Amino acid sequence: MTSDGTGGYNPSEVEAKWQGRWEELGTNGFTGDALQTAENRYYQLMMFPYPSAEGLHVGNIYAFTGADVHGRFHRLTGKQVFEPIGFDAFGIHSENFALKQGVHPMDLIPSNVANFTKQLRRIGGMFDWDHSVDTTDPDYYRWTQWIFIQLFNAGLAVRKEAPVNWCPSCMTVLANEQVISGRCERCDTPVEQRRIAQWFFRITEYAERLLGNLEGLDWSDTTKKAQHNWIGRSEGAILRFPILTPEQVDEADPPTLVLDPGAGGQDPGVDGSQIDVFTTRPDTVFGATYMVLSPEHPLVDEVTDEGQAEAVAAYREQATAKDLVARQKVEKTKTGVPTGGFCLNPATGQPIPIWVADYVLMEYGTGAIMAVPGHDERDFDFAEAMGLPIVRVVAGEGDGADTPLSEAYAGDGEMVNSGRFDGMAVTEAKPAIAAWLAERGSGETKVNYRLHDWCISRQRYWGPPIPIIHCEACGPVAVPEADLPVVLPRVEDFKPDDSGVSPLARVEEWYRIDCPQCGAAARRETDVSDTFLDSSWYFLRYPSTDFADVPFDAELMRRWLPVDCYIGGNEHAVLHLLYARFVTMALHDLGHLEFDEPFTRFRAHGMIIRDGAKMSKSKGNVIVPDEIIEQYGADTFRTYLMFLGPYEEGGDYQDEGIQGPHGFLHRVFETVTSAVDRAAPSDDDGGGAADPDIERKLHQTIRQVTRQMPELGFNTSIAAMMEYLNAVRAGGRTASPSEVEALVVMIAPFAPHMAEELWARLGHDGSIFEGANWPAFDETKTRETSVKLAVQVNGKLRATVEGPAGMDQDAAEAAARSDENVARYLDGAALKRVIYVPNRLLNFVVEQA
RNA sequence: GCGAAAGUGGCGGAAUUGGUAGACGCGCAGGAUUUAGGAUCCUGUGGCUUCAUGCCGUGGGGGUUCGAGUCCCCCCUUUCGCACCA
């Protein structure tokens with residue numbers, strides 16, 4: 001690095017110096033019992049990273065820097081800010097990487113963590129290294145397991161069968177991301193679906209609360225909306241369709257079984273066997289002309305007619321053989337086969353055929369639908385393809401009862417072909433028909449959620465073992481809390497093999513254990529838990545890392561939680577945040593926490609792209625942060641990242657763009673040091689009265705930055721400071737210390753090292769973050785004394801006139817009229833009205849002659 | 001296909017929420033300084049033309065208003081989610 005003649009600012013020197021000083025002073029974190037006694041707390045949380053072997057990428061740094069800037073800002077306003085960071089190091093990601101590199105994850109992770117720690121220190125974040133977590137540390141996952149046990153004891157962790165992707169060649173379970181267009185990523189064999197027993201958390205029990213609580217949270221709207229849609233509440237009804245025996249169907253041929261449905265009730269006497277469907281449109285039940293079961297539906301065999309058994313079995317086999325990913329990606333063309341069976345439409349009293357088709361999903365609703373082709377697009381397509389009847393039961397504007405349908409009509413209108421409900425508006429018919437069916441025992445209203453229970457089992461190695469012991473006599477038994485953690489044994493061969501279960505199932509000396517309840521020989525659960533469980537509670541652990549015997553200390557929880565501000569990526573807006581909320585709620589209900597929402601405020605940062613494209617290794621457009629920091633320093637890099645776009649939207653990384661903040665910081669350094677040098681001889685403020693224009697600009701800048709910072713308006717805050725610096729330096733003038741001290745404080749969150757150095761040169765001892773107060777602005781000092789008024793005629797700018805601030809309309813008009821150009825436009829025109837916006841604009845509305 | 005967000009100079013982006021569009025920065029051009037390069041410092045920089053505070057201009061088209069980047073309607077494009085949710 002060459003000297004650059006700008007006051008001798010040498011970032012690498014300044015940054016090394018202050019990173020050392022922070023450690024000596026313990027400025028960044030809380031030591032001893034400081035956390036226990038903090039009064040004016042602010043918990044600034046950022047999503048902890050997965051410590052990859054590649055090291056920090058720009059996205060990480062962007063996320064952490066924004067959070068750090070926000071945290072440092074709050075610190076300067078007098079809060080005691082806790083800003084911890086840790087490592088989310090379990091999971092398939094590191095496991096796969098370890099497999100590929102032939103390194104054991106237990107060796108890989110510590111070196112990755114060490115590398116991340118070094119890089120994180122280098123970017124100058126105010127991280128509290130005395131309160132860090134690593135999810136792979138047994139002292140941490142001991143409590144992850146403890147949480148599992150609390151939920152298990154409360155009946156919120158249950159075991160049930162669920163489908164998984166299965167590679168018949170590797171004989172192993174695959175994660176969704178290991179299935180590449182229907183084939184195993186390793187051996188290219190088509191992937192199948194299999195059902196195995198897995199552990200689930202019953203998050204659906206909390207659906208209503210997870211939804212309702214959203215209202216009161218200070219989260220960005222998009223995130224709330226994403227959660228809202230994911231939970232996917234829909235109001236509708238469960239309707240019961242009695243299954244008909246072949247005899248009943250014969251009797252009803254021609255097909256009017258019960259003429260007046262009102263008389264029928266539950267009458268058909270079908271020995272209680274029935275098909276339940278969920279629908280959000282009970283009003284359209286009269287238009288249900290057939291029924292569809294999902295291929296996995298348990299009743300498929302029962303309703304299948306002998307003649308159709310073979311075709312149905314074949315169809316089911318090909319539908320269920322598809323792996324999960326492919327099944328969800330089927331093209332729009334509908335396939336299906338009739339079962340030959342019939343059931344009774346409880347509204348019309350007519351028999352309708354039962355089909356099997358894979359466009360109906362077992363996972364949603366009841367796995368069966370009443371098909372209303374007239375008013376549902378998917379049903380319409382299917383009915384057309386299969387030649388099934390389409391009946392109109394809703395008439396839109398201009399439609400009659402018999403207007404033919406060329407596509408499904410899902411809009412509002414009047415009921416038709418619906419018996420006694422004809423003529424009723426859809427909105428009224430919905431509750432009316434649902435109530436009518438309920439009265440007759442054919443249904444009930446029901447709220448349905450799209451949200452599924454949370455599957456936490458992983459047939460993998462690199463995760464915390466699920467703390468359960470399977471005993472033949474007692475069933476699944478929780479590991480006694482005193483025996484936690486269940487330590488993940490070091491297994492050299494952790495590759496999934498053809499056993500089809502977790503690699504832990506090969507470690508007999510590990511899984512063999514006596515039942516803690518009856519003492520009989522038993523077996524440990526060999527699945528590990530989902531990484532999302534690790535990350536669902538880490539923020540609870542941070543303040544309590546000094547406590548070995550409890551997951552979190554009650555007093556610290558009261559003092560520090562819920563989190564004041566959480567910042568992280570949009571990719572976690574749904575799952576992670578939902579799981580963390582669920583775990584917090586469950587722990588609250590079980591008496592472990594006093595609050596039931598973990599994050600008071602959440603903001604998602606945007607994404608950094610480069611030259612208009614996503615950064616990726618394959619495109620070769622990845623920025624290596626270390627190189628930028630080496631060349632420009634961490635302060636410049638931080639400032640540039642915060643400057644290049646609105647934080648919540650991200651921005652485009654342009655290599656040359658860093659020159660702006662680079663030059664800016666150098667000029668700040670030069671301006672401040674020369675202000676100090678100039679002031680030194682006389683030891684006063686550099687002499688002379690304060691420049692009123694500079695003072696006004698300063699107060700305006702403080703106001704602007706103070707308002708922007710809490711809203712993460714970093715790019716505009718930096719722009720405002722640049723403007724101020726330009727004003728201070730205009731015409732080569734030298735600033736006085738009092739003109740720049742506030743600037744140094746305001747820039748400190750962005751360029752903390754440089755700010756420290758300048759703070760010291762301004763004659764202060766210790767850290768700026770401990771000694772400085774965020775500058776206050778005086779509203780009266782922000783006011784302009786004279787203003788430039790825009791003068792318009794009919795909304796078009798014709799002049800600008802200068803006058804004293806706050807002048808009245810008469811004065812403004814007089815000034816404007818004296819302008820030649822304005823006079824020209826007003827001459828000979830009839831003045832209709834005058835709009836006056838004080839200090840801004842004067843608009844003459846005229847009628848041209 | 002559905003859902004969400006967004007379209008402003010050569011580029012990244014501002015705009016007190018209906019009041020002078022283009023702040024701040026990059027880039028570019030001219031100049032100063034320098035042995036040279038780099039760095040630094042001034043000055044200029046939406047387009048057009050008849051060089052005037054003249055006309056046009058915030059994806060396109062309509063509308064409301066004294067006044068629209070901002071509000072309303074229609075259309076187009078891009079990005080990101082979700083993929084048949086009954």
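Protein chains get the first letters and strands the later ones, always in sequence-line order, with residue 1 at the start of each. Just so it is clear, the model here is predicted, and its values are computed rather than measured.
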Visitor: Return no unless some side-chain N or O of A/K796 is found under 4.0 Å from OP1 or OP2 of B/U53.
Guide: no
Visitor: Atom CH2 of A/W230 to atom P of B/G3: distance rounded to whole Å?
Guide: 18 Å
Visitor: Just to confirm, is there a sub-4.0 Å distance from OP1 or OP2 of B/C66 to any side-chain nitrogen or oxygen of A/R833?
Guide: yes
Visitor: So that I can tick it off, tell me whether A/E820 and A/R824 are bridged by a salt bridge, with the cut-off set at under 4.0 angstrom between side-chain N and carboxylate O.
Guide: no
Visitor: Which is it for B/U17, anti or syn, if anything within 90° of zero counts as syn?
Guide: syn
Visitor: Rounding to the closest angstrom, what is the interatomic distance between B/C80 and B/G30 at atom C1'?
Guide: 44 Å
Visitor: In whole angstrom, what separates A/K788's NZ from B/U20's P?
Guide: 14 Å
Visitor: Parallel, tilted or perpendicular: which fits the ring planes of A/Y409 and A/H375, with parallel below 30° and perpendicular above 60°?
Guide: perpendicular
Visitor: Between A/D381 and A/R378, is there a side-chain N and carboxylate O pair less than 4.0 Å apart?
Guide: no
Visitor: Can you measure A/I658 atom CD1 to B/G12 atom P for me and round it to whole angstrom units?
Guide: 18 Å
Visitor: Taking the six-membered ring of A/Y825, is the NZ or CZ of A/R798 close enough (under 6.0 Å from the centre) and on axis enough (within 45°)?
Guide: yes
Visitor: If I pick the P atom on B/U70 and the same atom on B/G9, what distance separates them, to the nearest angstrom?
Guide: 15 Å
Visitor: Salt-bridged, A/E723 to A/K697, with N to O below 4.0 Å?
Guide: yes
Visitor: Verify the contact: side-chain N or O of A/R729 to OP1 or OP2 of B/C42, cut-off strictly under 4.0 Å; return yes or no.
Guide: no
Visitor: Looking only at atom C1', what distance separates B/G69 and B/U17, rounded to whole Å?
Guide: 12 Å
Visitor: For A/E779, is there an ion pair with A/R703 - N to carboxylate O distance below 4.0 angstrom?
Guide: yes
Visitor: From CG of A/D276 over to C1' of B/A86, roughly how many Å is that when rounded to an integer?
Guide: 14 Å
Visitor: Using heavy-atom distances to pick each residue's nearest nucleotide on RNA chain B, tell me which of A/N821 and A/N843 is more 5'.
Guide: A/N821
Visitor: Counting only side-chain heavy atoms from C-beta out, which of B/C24, B/U20, B/A86 sits nearest to A/Q792?
Guide: B/U20
Visitor: Name every residue in residues 701-716 of chain A that has at least one heavy atom under 4.0 Å from any atom of RNA chain B, in order of residue number, or write none if there are no such residues.
Guide: A/N715, A/T716
Visitor: Considering only the C1' atoms, how many Å lie between B/G44 and B/C51, rounded to the nearest integer?
Guide: 16 Å
Visitor: Taking atom C1' of B/G25 as reference, at what distance in whole Å does atom OH of A/Y632 sit?
Guide: 14 Å
Visitor: Between B/G61 and B/U77, how far apart are the two C1' atoms, rounded to whole Å?
Guide: 15 Å
Visitor: My validator wants the stems of RNA chain B: runs of 3 or more consecutive Watson-Crick or G-U pairs, both distances under 3.5 Å, written as range with range.
Guide: B:1-7 with B:76-82, B:10-12 with B:24-26, B:27-32 with B:40-45, B:46-48 with B:54-56, B:59-63 with B:71-75
Visitor: Base, sugar-phosphate or nothing for A/N570? Non-hydrogen atoms, less than 4.0 Å.
Guide: nothing
Visitor: Below 4.0 angstrom, N of the basic side chain to O of the carboxylate: do A/R610 and A/D655 qualify?
Guide: yes
Visitor: What interatomic distance, in whole Å, is found between C1' of B/G10 and the corresponding atom of B/A29?
Guide: 13 Å
Visitor: If you compare every side-chain N and O of A/R798 against the phosphate oxygens of B/G54 (OP1, OP2), does one of them come in below 4.0 Å?
Guide: yes
Visitor: Mapping A/G795 and A/G660 to their closest nucleotides on RNA chain B, which lands nearer the 5' end?
Guide: A/G660
Visitor: Would you call A/E444 and A/K446 a salt bridge, using N to O less than 4.0 angstrom?
Guide: no
Visitor: Of the candidate nucleotides B/A86, B/G25, B/U20, which contains the atom at the shortest distance from the side chain of A/V360?
Guide: B/A86
Visitor: Let me know the distance between CZ of A/R667 and P of B/C24, rounded to the nearest Å.
Guide: 12 Å
